[in-house]
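Structure first, then comments.
Within every chain, numbering begins at 1; the chains are lettered A, B, ... in the order of the sequence lines, protein sequences first and strands thereafter.
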There are 2 protein chains.
Amino acid sequence: MSVQKEITRENNERNILKAAEEIFAQYGFRGATTDLIAKQAGLPKANIHYYYKTKELLYRAVLERVLDEWSEAAKVFEQYEEPKVALTKYIESKMKFSRSRPYASKVWANEVLHGADAVSGFLKTSVKTWLNDRNQLLQKWIYDKKIKPVDPTAFFYMIWAATQHYADFDHQIVILNDGLPYSDEEYQQKIKQLTELILGSVGLD
Amino acid sequence: MSVQKEITRENNERNILKAAEEIFAQYGFRGATTDLIAKQAGLPKANIHYYYKTKELLYRAVLERVLDEWSEAAKVFEQYEEPKVALTKYIESKMKFSRSRPYASKVWANEVLHGADAVSGFLKTSVKTWLNDRNQLLQKWIYDKKIKPVDPTAFFYMIWAATQHYADFDHQIVILNDGLPYSDEEYQQKIKQLTELILGSVGLD
DNA sequence: GTCTATACGTTGATAGAC
DNA sequence: GTCTATCAACGTATAGAC
């Protein structure tokens with residue numbers, strides 16, 4: 001294959017993945033149609049099937065990309081020693097991801113909601129490993145009396161739920177805010193608020 | 001219409017609503033088929049359409065029932081004066097609902113995820129009113145120095161997200177727990193843990 | 001690699017006998 | 001009120017020209 005064709009393929013795949021993420025997020029797996037994805041990507045329907053043999057394979061590619069980006073965002077955790085700083089950076093990172101990539105979060109949420117079949121492999125391996133490692137770190141913090149003794153898993157679930165809520169439930173949030181989406185400044189305030197709440201929950205004030 | 005027929009109708013509607021809630025939760029609006037709902041309810045497909053003219057109307061009936069039950073569960077909030085007790089009871093109530101009615105929570109989550117069109121009416125009225133009232137109550141608690149000064153809305157979103165996570169993300173939770181669903185005792189522990197975290201977040205220890 | 005036309009399965013909804 | 005048979009619409013996937 002020529003270099004030019006490689007580039008064409010990569011561009012098209014990225015373009016299709018982006019379009020598919022939006023459509024899957026908005027309509028769910030079954031509600032999304034290849035035609036809608038094609039229109040969103042500005043391509044005829046048949047081209048989608050040329051790059052991704054089936055709708056299912058395209059869907060899995062979208063989910064894998066989401067997990068990759070999440071993993072990347074979660075790395076801030078390792079860059080700071082102090083519990084307060086590490087948690088603050090982690091919450092900020094998750095909140096910013098919810099803000100910049102709501103569709104990514106929603107595709108994942110939708111998949112888990114409906115059985116998690118397409119992501120069970122990722123959950124058993126990468127996610128499970130990450131959670132185990134972080135749990136150990138928290139146990140250490142507890143042992144060192146740096147944070148209150150808490151169930152680390154319950155704590156992380158709370159962080160995941162609370163931060164992803166701003167992406168997954170954004171329509172509800174807008175309606176409850178009288179139809180007004182949060183401005184960047186307001187969203188920064190929400191990050192600050194949530195950070196204080198979560199830090200407070202383990203005694204870090 | 002005779003009394004007997006009234007009873008038949010009510011029984012069938014309840015039966016169909018229950019089946020529809022499960023199927024919509026598992027497959028989403030578009031993924032759920034009237035045939036699947038019919039099978040789940042033990043009826044031929046045509047009977048579903050006899051009781052609910054369209055799939056859309058059935059869907060809305062399911063969502064309305066979910067909101068009714070949520071409102072009912074939220075009433076514990078008014079029954080206790082002390083912040084610590086009221087919040088503890090509210091969290092417990094929400095967690096028990098997540099445990100006993102995961103499908104109900106999931107249908108709502110799925111609907112909001114995909115645009116909240118079918119529930120925007122409820123959000124603008126009942127939910128908005130409830131949230132406003134509770135926000136005022138929290139402002140009073142803050143003024144009385146009973147809890148730390150926090151953004152009440154951000155606080156409630158955290159509670160909603162954290163408690164509903166146990167229903168909406170139950171598949172993920174099971175996988176991360178090595179494929180083992182929580183026992184009743186384990187779940188009680190999670191309720192206790194989450195309650196402590198949330199109380200801690202507003203300085204109630 | 002792109003695109004039009006189409007085959008084939010599925011599904012929401014109804015007609016009409018019981 | 002129940003159920004079987006049926007239809008029209010839609011959606012995935014492919015064939016085949018360019």
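Look at A:N12 and you'll find a side-chain N or O under 4.0 angstrom from OP1 or OP2 of C:dT2. Side-chain N/O atoms of B:T33 include none lying less than 4.0 angstrom from OP1 or OP2 on C:dT11. One finds no side-chain N or O of A:Y50 lying less than 4.0 angstrom from the OP1 or OP2 phosphate oxygen of C:dC3. At D:dT14, none of the side-chain N or O atoms of A:H49 fall inside 4.0 Å of OP1 or OP2 (strictly under the cut-off). Taking side-chain N and O atoms only, B:K53 has no distance below 4.0 Å to OP1 or OP2 of C:dG12.
Nucleotide D:dT2 holds its C1' atom 12 Å from the CD1 atom of B:I48, rounded to whole Å. Put simply, CG on A:L58 is 13 Å from C1' on D:dT12, counting in whole angstrom units. For A:D35 and C:dC3, the CG to C1' distance is 13 Å, given to the nearest whole Å. Atom CG in A:L57 sits about 14 Å away from atom P in D:dT12, given to the nearest Å. In this structure, CG of B:N15 is placed 15 Å from C1' of D:dG1, rounded to the nearest angstrom. For the pair B:N47 CG and C:dT14 C1', the computed distance is 13 Å after rounding to whole Å. In this structure, B:K55 places its NZ atom 14 Å from P of C:dT14, rounding to the nearest Å. Computed from coordinates, the B:I16 CD1 to D:dC3 C1' distance equals 14 Å when rounded to whole Å.
If you check every strand for non-hydrogen atoms under 4.0 Å, B:Y51 touches sugar and phosphate atoms only. Residue A:A38 is out of contact with every strand shown, counting any heavy-atom pair closer than 4.0 Å.
With hydrogens and angles left out, the side chain of B:K45 and the base of C:dG12 share a donor-acceptor pair within 3.5 Å.
Along DNA chain D, the nucleotide nearest to B:T8 and the one nearest to B:R30 differ in position, and the one closer to the 5' end is contacted by B:T8.
More than 12 non-hydrogen atoms from other residues, nucleotides or ligands lie less than 6.0 angstrom from NZ of A:K128. Taking a 6.0 Å sphere around CD of B:E81, one finds it holds 12 or fewer heavy atoms contributed by other residues, nucleotides or ligands. For A:K89, the NZ atom sits in a loose shell: 12 or fewer heavy atoms of surrounding residues, nucleotides or ligands are nearer than 6.0 Å.
A side-chain donor from one of B:Y59 and B:E111 sits under 3.5 Å from a side-chain acceptor of the other.
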Problem - From CA spacing to verdict: side-chain contact (heavy atoms from CB on, under 4.5 Å), A:F122, A:E64 - result: CA-CA 8 Å; A:F122 305 142; A:E64 187 158 7; 3.9 Å; yes
